[in-house]
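Working notes for the structure below.
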Amino acid sequence: MAQATNNAPLAGIKVIDWTQVQSGPSCTQILAWLGAEVIKLEKVHGGDPTRNEMNDVDGSYSLYFLQLNANKKSITLDMKDPEGKKILTDLLKDADVFVENIGPGDVEKLGFGWDEVHKINPKLIMASLKGFNQGSRFEHVKAFEPVAQCAGGAASTTGWWDGDKNIPTQSGAALGDSNTGMHLTIAILAALMQREHTGEGVFVYQSMQNAVLNLCRIKLRDQLILDHLHQLSYYDCYPGYKFGKAIPRAANAEGGLVLGWCYRAKGWETDPNAYVYIVIQQSQKGFENFCNAMGFQDWLTDPKFSTPNARDEHKAEVYKRVEEYTMQYDKYTLTKELGAKGVPVGPVLDWNELENDPDLNEDGTLVTIDQGDARGKFKTIGLPFTMSNYAPDYQRAPKLGENNEEILKSLGYTDDQIAALNAKGVIGSNDGVKADLTAAAPQA
């Protein structure tokens, strides 16, 4: 799969991708977009479970699969068959990275744990992604997105601290899945750099729990402060809340010592996302910018609002007056005008707005890929960062088993041997969408 430029950061790196669903594929997706050859290992029957999960187009694959597996190749193998295991062994002998996120203990049972893999290829980097840490009392647990958010401290601190909805709440962001994949990507890149010095591969292990914990590190800060002071004045529930042993849910508070909140904007009566987030900074200069922008100059000398501590004591009054102002204007006007005056502010953008955002579609954040089948063109989130001298050549996701013949021939298999493997069911495609094993490499 040729890249748009010849300086792809991971050009020449071969990745064997034994991952499925979201957490693992989100990692290998980035590796593919950075120029690595990513060979996705899938089951003969059905392949990655997301290929047909929530699929809205007959004759193609689901958006769930397509958005996480573009630019990859697909090989199908029956990993319970000795011949399937031999093929994987042969692939690992010439690979740089082996990534897996199958069930806890499964890769070891099939004979491809770190000790075995390191013997097959001492230079190979093996990366495993699981729900919990090695040695954890929960190590055997199969984790999904909400499980990781709950075990990683996100759910207990997200949501409202009072009322009927005072329950642990998971974020809409994939803190357990794609976030863990991002963390694993960092680890793999570090391992590749380390190998430049040592000449030897290393075993990388990333748990979903740890990835969530890392994004929630400021909550540990808050817990330590609560242990010491027994209250948190910068939390929305303060004052008047009886703090317990653990930090409460933070509602829409900013999370630091500044006073941030989500306010209704013009049109909120009919649009559930007609809101804007505004931060009132602690610094005197930042507070002056806010007061001058809003026309609240009286707050500069009013002892109820002129200091950060005072504003914490009178949050309800702050919220009320600011929202009286914001409801006069739409969220885009508020963002443009207040932002120009030095106020930290942002609109709440729903996914219809994001899908059609002119800036995001123009700057390469949202990319359009032609799948070439009944799906046609679809949008996805592209590489989340930019490089001054490189941009990915975004290509479609592979059909199930599409690259079987190409990959097996690169290992020395003949046409007759490949036909025999296919007849025996060691390779092949059985997912309801007919795979053309003679098709050309995926085209964008």
Side-chain angles (χ1 to χ4, degrees), residues 1-3 5-20 23-41 68-69 71-73 75 77 85-102 106-108 110-130 133-135 178-208 210-211 214 383-393 403 407 410-412:
M1 297 182 182
Q3 294 294 321
T5 60
N6 61 2
N7 56 346
L10 296 184
I13 297 296
K14 180 180 288 187
V15 179
I16 307 304
D17 175 12
W18 197 358
T19 72
Q20 57 185 9
S23 59
S26 66
C27 165
T28 53
Q29 177 74 99
I30 292 180
L31 300 179
W33 281 343
L34 290 176
E37 179 187 16
V38 177
I39 298 174
K40 185 177 178 70
L41 171 58
L68 290 163
N69 293 282
N71 287 64
K72 300 179 185 179
K73 297 178 179 179
I75 184 171
L77 291 178
K85 292 181 180 181
K86 181 183 182 303
I87 292 170
L88 177 56
T89 299
D90 290 341
L91 286 171
L92 294 177
K93 288 177 182 178
D94 189 39
D96 297 283
V97 182
F98 174 41
V99 190
E100 66 88 17
N101 76 331
I102 61 176
D106 288 350
V107 73
E108 289 80 10
L110 290 167
F112 292 94
W114 166 240
D115 290 340
E116 291 78 14
V117 165
H118 194 52
K119 291 175 184 175
I120 293 170
N121 181 354
K123 294 186 68 175
L124 183 70
I125 293 160
M126 179 172 175
S128 290
L129 189 157
K130 307 295 178 185
N133 292 335
Q134 293 175 296
S178 285
N179 168 50
T180 306
M182 293 281 190
H183 277 75
L184 186 61
T185 302
I186 295 170
I188 290 171
L189 295 177
L192 285 168
M193 289 296 295
Q194 184 191 67
R195 193 179 67 176
E196 292 293 308
H197 305 294
T198 66
E200 189 171 5
V202 68
F203 179 52
V204 172
Y205 187 96
Q206 177 67 60
S207 75
M208 298 169 75
N210 272 17
N214 189 45
L383 198 66
F385 56 86
T386 61
M387 300 177 69
S388 62
N389 66 348
Y390 173 75
D393 178 12
N403 307 101
I407 294 167
S410 74
L411 296 175

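Sequential numbering from 1 along the given sequence is applied to the chain's residues.
For the pair Glu116 and Gly111, the tightest heavy-atom approach, listed with the atom from each and the gap, is CB-O, 3.5 Å. Contact detail for Pro25 and Lys40: the closest heavy-atom pair is CG-NZ, 4.1 Å. Shortest non-hydrogen contact noted between Ser178 and Ser26 is CA-OG, 3.5 Å. The two residues His197 and Met193 come nearest to each other via the heavy atoms CD2-O, 3.4 Å. In terms of heavy-atom proximity, Gly35 sits nearest to Ala8 at CA-CB, 3.8 Å.
Looking at heavy atoms from C-beta onward, Asp96 lies out of side-chain contact with Lys123 at the 4.5 angstrom threshold. Contact of the Ile188 side chain with the Cys27 side chain is registered, since non-hydrogen atoms from C-beta on lie closer than 4.5 Å. Residues Leu192 and Arg195 meet the side-chain proximity criterion, which asks for heavy atoms closer than 4.5 Å. Between Leu10 and Trp33, every side-chain heavy-atom pair lies at or beyond the 4.5 Å cut-off. Here the side chains of Glu37 and Ile39 are in contact, with some heavy-atom distance below 4.5 Å. Residues Leu91 and Leu41 fail the side-chain proximity criterion, which asks for heavy atoms closer than 4.5 Å.
Expressed to the nearest 0.5 Å, how far CG of Asn214 lies from NE2 of His183 amounts to 3.5 Å. Distance check, rounded to the nearest 0.5 Å: NZ of Lys14 to CG of Leu124 gives 11.5 Å. We find the CG-CG distance between Leu88 and Leu110 to be 9.5 Å, quoted to the nearest 0.5 Å. With rounding to the nearest 0.5 angstrom, the OG atom of Ser128 is 10.5 Å from the CH2 atom of Trp18. Expressed to the nearest 0.5 Å, how far CG of Leu92 lies from CD1 of Ile120 amounts to 5.5 Å. One distance of note links OG1 of Thr185 with CD1 of Ile30; it measures 4.5 Å at 0.5 Å rounding.
Side-chain N or O atoms of Asn7 include none that pairs as donor or acceptor with a backbone N or O of Tyr390 at under 3.5 Å. A donor-acceptor pair is defined here as one N or O able to donate and one able to accept, closer than 3.5 Å; no such pair exists between the side chain of Lys72 and the backbone of Asp17. Remark: side-chain polar atoms of Lys130 are paired, donor with acceptor, to backbone N or O of Ile102 under 3.5 angstrom. Not one N or O on the side chain of Glu100 forms a donor-acceptor pair closer than 3.5 Å with the backbone of Thr19. The backbone N or O of Ala211 sits less than 3.5 Å from a side-chain atom of Asn179, completing a donor-acceptor pair. The closest donor-acceptor contact from the side chain of Asn121 to the backbone of Ala95 lies under 3.5 Å.
Of the residues Leu129, Ile16, Leu184, Val38, the one that meets the side chain to side chain contact (heavy atoms under 4.5 Å, CB included) test with Val99 is Leu184.
For Asn210, the side-chain contact (heavy atoms from CB on, under 4.5 Å) partners are Asn133, Gln206, Ser207, Leu213, not counting sequence neighbours. For Gln20, the side-chain contact (heavy atoms from CB on, under 4.5 Å) partners at least two apart in sequence or on another chain are Asp48, Pro49, Asn101.
Phe98 and Phe112 have perpendicular rings, their planes meeting at more than 60° on a 0 to 90° scale where under 30° would count as parallel.
Ionic pairing of Lys119 and Asp115 is not present here: no N-O contact between side-chain nitrogen and carboxylate oxygen is shorter than 4.0 angstrom.
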